[in-house]
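Both backbone and side-chain heavy atoms feed into the values below; hydrogens, waters and symmetry mates do not. First the proteins, then the strands, lettered A, B, ... as listed; each starts at 1.
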Amino acid sequence: MLTVLSPLFLIGIPLSLLYLLWLYKKNTNYIKQNVGSNFLFKKLELIKQKKSKLKIPPRFFLDLLLLSLFFIVLANFLLKREVKNVEIILDNSYSTKALMGDGNTRLGAIIEKAVAEIEKNSTKTFSIYTSSPSLKLIESKVNASRAKRAIYNVKSTNSKSNLSLASLSYPIIIGDEKVKNNVKFKYHSVYKSPLNNVGILRATYNNGLNVTIFNFSNDRKAPIRLVVYDDLNSIVFNDLIYFANQTILTKSFKINKSGEYLIKVLPSEFDAISKDNELSVNIEQTTNKIALFGKRRPSELNLDYMDKYSFVSERTSFTPSFVIYDNVLPKKIEFNTLINLPSKNTSFFSIKNTYEDVFLSSINRKSLITNYLNLSNVKLNKALVFNRSNLAYPLIESEKGPILIETLISDKKVIVSGFDLFPFSGKENLFNSILTLNIFRELSLKGDKVFGLNLPASEFDTSGPHSLNIRDFNLKKSSFSISSNNLSHYFLKVLLFLLLIDLIYLLAKGTLSLIRGRRKALT
Amino acid sequence: MALSLNAETLKTLKLLQLKSKKKFLTNRYGSHKSLKRGHGFDFAEHSTYQPGADIRYIDWNIYARTDNLYVKRFTEDEDLRIVALIDNSASMQIDEKWETAAKLSMALAHISIMQGDRFYSSSPIAFSTQKQLKILPEVLLSQKKTRIEEHYERILKFPGVIFYFSDFLYELSEVEEKLNLFLAKNMDIVFVQVLSDLEINLSSISDNVELVDLENNESIKLNFNKKTKDEYHNLLVSHQSKIKAICNRKQVTFITVNSRDDLTNILQNNFLAKGLLEC
């Protein structure tokens, strides 16, 4: 933001005030006019003086504002020019391990770009930061070759963290630097929501195929195309299906014969159906599958095999990051945890003391999500939230972080903690715990099982085109910028333009009055 | 600048007559009713016969009815002294205020001489003939910058009608002082306020103006907008109302003229309308 406390700015304001006062005194032309008597005019002056002691025209204030802004810009401009150090923040979060189309990882691409920029600005010094697990300075004010070496050594972290968290946690101004040229290397998918729908497929020979899709995309009205092929590749079903209440969609249709079917799901805006959108289902067996439908690629998850888990803990670098506890009370609750406990033997708060920074939250029953959440079936008794910043949940009124939810399904108590299913992109993302609740709601209709969900952790959408977004690196462009906010930038430009016009006007007026004065003096 | 009245104004002046609210005693026969009883045409009153009285004026009809002798008395017609004084101060020397006052004086001189009255202008010398009128402009111009206040005693020797031309843009006490002075001389007073168009309407005034007073060279810097102009207008109206109130108390006529206006219009709209002139 603006460096409003810079000394130049502080000096500039009174200076501009004095300058304007002088300018107005100098340039307000009073035309002399002879009158017979000032008798009435004197009285008029008295009346005016009584009404307002300070006689400053409104334009004075406008000019003062413009001039102040001029000083702000000047201060920023001068201060920015002094900085010769470029700061580079590298996103080395878990997601950067993902492979790109060319076989290179995201981090690899980031490093390539960063090195290219370092070479472009080789005369400057560089400070290198990594963003994960937290913003960390790895090199400070080093030359180009050392900066490159440091960048080549950066590795992706295993823990879930991302740049948005890091940049929110830390101000742009770090250490003793007055102004920074922050260079942030961060991945931005071309899609705003790489994954935005969850579908549950149930298929039985008797009942046919039943598809329920929850829509969590930004575009809540976007229809889904559902195409079902039989084993002879004949189309059994092909139709656009629309979300009835913009959120949930249920479609059932009969399939006459048993066997293997291929289901293709894709958003309507894509014409071509690629192999990525395929999901197979065997109609002969009672099938209960959860599919995560992305705009490009669905993932298939078999719920049935989860019954095998009694105690599972898997935390590897590339496999899904989650923990499931069955009949076990953990001493410390991990992120992405499902705890399955018999309800009568356990108390939610009995393990409270072992939690780290846990806060009590409440359910927001005004949330739209609760419309289709069958709360009588799935009792949301308690909800706790870890103290973790920058995550918010509309259903659970807390600003704290990954959620811990206790639910009752049949005679079992299920506690879910922060199922971080989908890639985060700030507020645009759907709220994972709500999704979890929806899945529970759907599954609880069966009423006789307790499920653990083997869902992948975040960043699983590793395919597809990606763009590398490098911001604010161009020093020439950013040197005059006083705010990262484009709107205020343009607003300032307009003000500067007005100021220029105003100054030109004042100068012209002043010059003319000087010429006139000289002419008068000569004559 | 020569002072002259155009032909059309002169033609209008022939139709007009000056009136006075008061009656005066003079020593010349004229066309105005006098306070003097004598041998005029208009019957005034009866008085009891005193030995030595002219028996021609005995009313025999009354004697027949009452056996008492009464003598008829008639109002004498005498001339009127018209005095036109112009405030020669610096404030009147702008925007043709003085010129307008001088022309009005000339017009009054024309009317008074035509009806056989005597006209005085800032000097004890009377103008009573058409021939004398021709030198009036020169006389007036010669007096343009004379302080006439010093000559009041000489000028105002005899009672009559006085027209005092000024802008009256000074304190009310000064106005009252002047009024009392003229009243002490038993004059029928008409105050004519001559203002410029700038003083009445603030026409052609700039937004930012330094107003220089010609009388004392004091200057005031003012920023004019619509509100300020309205306030000035209110001040002017208030000042005029206060002068009018003083004048009404003393049965003095007060009229305001715009120096930009045509002379004929001024005579018709102000002097005729106020009953100072009649056709």
All heavy atoms of A:Leu40 vs all of B:His239, minimum pair found to be CD2-CB, 4.2 Å
Nearest 0.5 Å please: distance from the CG atom of A:Leu44 over to the CG atom of B:Leu202.
-> 8.5 Å
Taking only residues two or more places apart in sequence or in another chain, which ones pass side chain to side chain donor-acceptor pair (under 3.5 Å) with B:Glu210?
-> B:Ser219
Do any of residues 248-261 of chain B have a heavy atom less than 4.5 Å from a heavy atom of chain A, and if so, which, in residue order?
-> none
Under the salt bridge (Lys or Arg N to Asp or Glu O under 4.0 Å) test, which residues partner A:Lys42, sequence neighbours left out?
-> B:Glu218
Residues in residues 165-177 of chain B near chain A [non-hydrogen atoms, under 4.5 Å] | B:Leu169, B:Tyr170, B:Glu171
Test B:Thr228 against A:Ile47 for side-chain contact (heavy atoms from CB on, under 4.5 Å), laying out the working first.
-> CA-CA 9 Å; B:Thr228 321; A:Ile47 292 171; over 6 Å; no
Side chain / backbone / both / neither for B:Ile205 at chain A, heavy atoms under 4.5 Å | both
Once you round to the nearest 0.5 Å, how far does NZ of B:Lys221 lie from NZ of A:Lys32?
-> 8.5 Å
Minimal heavy-atom distance between A:Gly36 and B:Ser91, with the atoms involved, is O-CB, 3.0 Å
Plane angle bin for B:Phe224 and A:Phe41 - parallel if under 30°, tilted between 30 and 60°, otherwise perpendicular = perpendicular
Can any side-chain N or O of A:Asn38 pair as donor or acceptor with the backbone N or O of B:Val212 at less than 3.5 Å?
-> no
Among the options B:Leu198, B:Ile220, B:Ile94, pick out the one with the most heavy-atom pairs lying under 4.5 Å from chain A.
-> B:Ile220
Nearest-0.5 Å distance, NZ of residue A:Lys43 to CG of residue B:Asn234 = 13.0 Å
